[in-house]
Amino acid sequence: MKVLVVGAGGREHALASKLNQSTIIDQVFVIPGNEAMRNVAEVHDEIAESDHQGILKFAKQNDIDWVVIGPEQPLIDGLADVLRKEQIKVFGPGKDAAQIEGSKLFAKQLMEKYHIPTAEYREVSNRSVAINYVESCELPVVIKKDGLAAGKGVIIAKSREEAIEGVKAVYPNEEGKVVFERFLEGEEFSLMTFVNGDYAVPFDCIAQDHKRAYDNDEGPNTGGMGAYCPVSHIDKEVLRQTNEQIAQPIAKAMAQEGHEFFGLLYIGAILTKEGPKVIEFNARFGDPEAQVLLTRLDSDLMEHIIALDEQNSIHFEWKDEVVVGVMLASKGYPGNYSKGHEVSGFKLESGYFVSGLKKDGEHFVNSGGRVILAIGEGTTVKEAQKVAYENAQRIKCDNLFYRNDIGDKAIKI
Ligand code: AMP
Ligand code: GLY
């Protein structure tokens with residue numbers, strides 16, 4: 001079997017590595033991929049992720065059996081539809097179902113209609129109304145732009161001034177949709193769920209991301225600064241509730257409304273006093289959650305994808321270990337940062353997943369905000385953390401930073 005992975009980040013590096021281990025796959029290809037993926041896949045960086053016709057042509061010419069789409073943008077732009085129309089199998093939803101990630105409002109309205117637990121919200125579609133609203137709303141208030149923002153479009157305003165500043169920041173002009181949400185308190189976790197129409201099978205291993213840029217969850221929101229799994233202090237009962245109250249009903253709601261979803265639904269949840277509630281849905285694997293989960297997954301990812309396609313039962317098997325991933329990001333991320341700084345000291349065979357590195361002659365240089373995830377495996381969180389930080393420290397570059405507390409939540413409890 002031949003499989004094509006679409007995407008260029010650390011999540012796709014992990015997907016290509018994991019699929020390369022499958023006993024039923026002969027060859028893995030990746031478009032556009034990155035330099036670090038050459039050990040696990042045939043990299044085709046001459047084709048752009050946004051070039052849907054180019055990807056279709058490649059898939060046909062190379063008799064690709066399955067295409068696995070990693071990032072949200074090609075999903076939201078309808079790449080899966082283009083491929084499916086030509087009878088190519090795709091793991092990833094079409095444009096219509098990907099709205100669950102692409103539009104906060106779409107997700108909120110669906111959750112409201114089907115009584116899926118989430119923060120109360122209010123939709124506002126112009127700046128003056130938004131300013132009026134924050135002048136008297138309950139604080140803190142969460143302000144979300146409707147549309148994709150790579151985890152960076154959310155403002156949590158604790159004071160009236162911050163809320164007004166926040167509205168001004170999300171409204172460069174008078175028009176535009178914004179969702180205000182009630183601020184929820186609790187611990188966040190990520191649950192990846194395989195979905196085919198109304199058939200939903202969540203991973204029986206939760207992961208936890210670290211969204212804020214700096215230690216102790218301070219600083220701005222990012223795409224994710226590190227992750228670990230399993231999250232043992234969030235117990236099986238929470239997993240059961242999340243499945244029963246969120247995963248199953250959202251799959252059924254999507255199917256009922258005619259938004260057939262096939263692929264991976266990411267449930268970003270928060271464990272409040274009233275139980276788990278949805279913070280966000282994504283239409284694809286989390287990054288860096290995928291890197292730690294796929295490292296821990298013992299069973300064959302491709303076999304699971306095929307079982308999902310046939311709506312057969314799926315039994316994920318996990319290594320008896322903890323996996324911690326620490327993200328090294330360019331200084332200044334998620335704001336402005338400079339590129340082209342030499343990065344060395346890492347191995348490509350194991351211990352790292354690459355997000356934002358490119359070759360510059362003989363050397364690697366940083367080419368993105370999030371650059372490389374250092375992985376640690378161990379029998380306890382402490383052990384895995386120690387290895388992950390040793391791997392992080394091996395990396396030499398004068399322009400990277402990382403958080404020092406990835407996985408601490410699991411130790412403090
Ligand atoms: P989102 O892009 O919707 O995932 O939001 C990014 C981050 O903002 C989340 O991971 C949370 O840390 C925080 N956040 C979003 N919505 C809420 C909410 N209603 N209450 C508390 N925190 C939130
Ligand atoms: N790590 C969060 C996300 O992938 O959206």
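Computation of the quantities below employed the complete heavy-atom set of this structure, encompassing side-chain atoms and omitting hydrogens, waters and symmetry-equivalent molecules. All of these numbers come straight from a predicted model, not from anything done at the bench. For ligands, and for the atoms within them, numbers begin at 1 and follow the listed sequence.
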(request) Determine the interplanar angle of the F91 and F194 rings, folded into 0 to 90°, and report it as parallel if under 30°, tilted if 30 to 60°, perpendicular if over 60°. (result) tilted

(request) Check whether NZ of the Lys or CZ of the Arg K252 lies under 6.0 Å from the centre of the six-membered ring of Y114 and within 45 degrees of that ring's axis. (result) no

(message) Taking side-chain hydrogen bond (donor to acceptor under 3.5 Å, both in side chains) as the criterion, tell me which of H210, K382, Q385 meets it with D408.
(response) Q385

(message) Any heavy atom of R212 closer to ligand 1 than 4.0 angstrom?
(response) no

(message) Students should find this: residues with any non-hydrogen atom under 4.0 Å from ligand 2. What is the answer?
(response) D209, K211, G223, Y266, N282, R284, G286, D287, P288, E289

(message) With a 3.5 Å distance limit and no angle check, can you tell me whether K319 reaches the backbone of T295 through a side-chain donor-acceptor pair?
(response) yes

(message) Parallel, tilted or perpendicular: which one describes the rings of F180 and Y133, with boundaries at 30° and 60°?
(response) tilted

(request) State the atoms of ligand 1, each with its element, that fall below the 4.0 Å cut-off from a heavy-atom position in K144. (result) 3 (O), 15 (C), 16 (N)

(request) Heavy-atom contacts with E280 under 4.0 Å: which atoms of ligand 1 show up? List them by number with element. (result) 1 (P), 2 (O), 3 (O), 4 (O)

(request) Report, in ascending order of atom number, the atoms of ligand 1 lying under 4.0 Å from any heavy atom of K104. (result) 1 (P), 2 (O), 3 (O)

(request) Check each atom of ligand 1 against the heavy atoms of A119 and keep those under 4.0 Å away; list them by number with element. (result) 19 (N)

(request) Number the atoms of ligand 1 from 1 as they appear, then name those within less than 4.0 Å of a heavy atom of I156, with their elements. (result) 13 (C), 22 (N)

(request) Could you tell me whether the side chain of K95 reaches within less than 4.5 Å of the side chain of L79, counting heavy atoms only? (result) no

(request) State, with a plain yes or no, whether a side-chain heavy atom of F281 is found less than 4.5 Å away from one of E101. (result) no

(request) Would you mind running through ligand 1 and noting each atom that sits below 4.0 Å from a heavy atom of N221? (result) 7 (C), 8 (O)

(request) Examine ligand 1 and decide if any of its atoms is less than 4.0 Å from a heavy atom belonging to R182. (result) yes

(message) Closer than 3.5 angstrom, by distance alone: can the side chain of N366 be matched with the main-chain N or O of S338 as a donor-acceptor pair?
(response) yes

(request) Examine L184 against ligand 1 and note whether any of their N/O atoms are separated by less than 3.5 Å. (result) yes

(request) Describe, in one word, how the ring planes of F316 and F203 are oriented to each other, choosing from parallel (under 30°), tilted (30 to 60°) and perpendicular (over 60°). (result) tilted

(message) Can you confirm whether Y121 sits close enough to E112 that some side-chain heavy atom of one is under 4.5 Å from a side-chain heavy atom of the other?
(response) yes

(message) Out of all atoms in ligand 1, which are within 4.0 Å of some heavy atom of V142? Include the element for each.
(response) 16 (N), 17 (C), 18 (C), 19 (N), 20 (N)

(message) Please verify the inter-ring angle class for Y389 with Y402; under 30° counts as parallel, over 60° as perpendicular, anything in between as tilted.
(response) tilted

